[in-house]
Colleague: 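Quick one: structure below, then a few questions.
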Amino acid sequence: MNYTLLITVFLTAVILVLGAYVVAKLIGPRSYNPVKGEPFECGIPTRGSSWLPVSVGFYLFAILFLMFDIETVFLYPWAVVVKQFGSMALVSIGFFLLVLVLGLAYAWRKGDLEWK
């Protein structure tokens, strides 16, 4: 197997990344100010600890949202070409939707969709 193309792409990527890093170091501004290292949020100094525990429900909700968002992204191209592929397209998208519905049922049964 000829790996010339793969090696060329890899070396090009490494050279471009290193080149961008070197150029940024050479022409970038060199302003060192202690104020830059302080935490900043909307101009208001923080009181107390900024590290607050976040409920895992936010992450689960975001993952479920992404799951159904990606479903929509896959359903649109399928709907455009469904006539060309016939019944096999219907079977494959049916399996895809079945897996998603089973995932939703599992999350629902566990109570992950309830906002607590």
Colleague: With hydrophobic residues grouped by side-chain heavy-atom distances under 4.5 Å, do Tyr3 and Leu11 end up in a single group?
Modeller: yes
Colleague: Any side-chain heavy atom of Leu104 within less than 4.5 Å of one from Leu100?
Modeller: no
Colleague: Can you name the closest pair of heavy atoms from Lys25 and Arg30 and give their distance?
Modeller: O-NH2, 2.7 Å
Colleague: If you group Ile, Leu, Val, Met, Phe, Trp and Tyr by side-chain heavy-atom gaps below 4.5 Å, do Val91 and Leu97 land in one group?
Modeller: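 Different clusters: Val91 never reaches Leu97 through Ile, Leu, Val, Met, Phe, Trp or Tyr contacts under 4.5 Å.
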Colleague: Taking Ala89's backbone N and O only, do any of them form a donor-acceptor pair with Trp78's side chain (distance below 3.5 Å, no angle check)?
Modeller: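 Checked: pair present.
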Colleague: Indicate, with yes or no, if Val82 and Leu90 share a hydrophobic cluster defined by side-chain heavy-atom contacts under 4.5 Å among Ile, Leu, Val, Met, Phe, Trp and Tyr.
Modeller: yes
Colleague: Connecting only ILVMFWY residues whose side-chain heavy atoms lie within less than 4.5 Å of each other, what is the rest of Phe95's hydrophobic cluster?
Modeller: Val99
Colleague: Give the cluster check for Leu18 versus Phe10: same hydrophobic cluster or not, with ILVMFWY residues linked at side-chain heavy-atom distances below 4.5 Å.
Modeller: yes
Colleague: Output side-chain donor-acceptor pairs under 3.5 Å for residues 60-77, partner residues at least two apart or in another chain, one line each.
Modeller:
residue	atom	partner	partner atom	Å
Thr72	OG1	Phe68	O	3.1

Colleague: Apply side chain to side chain donor-acceptor pair (under 3.5 Å) to Thr4 and list each qualifying residue two or more places apart in sequence or on a separate chain.
Modeller: Asn2
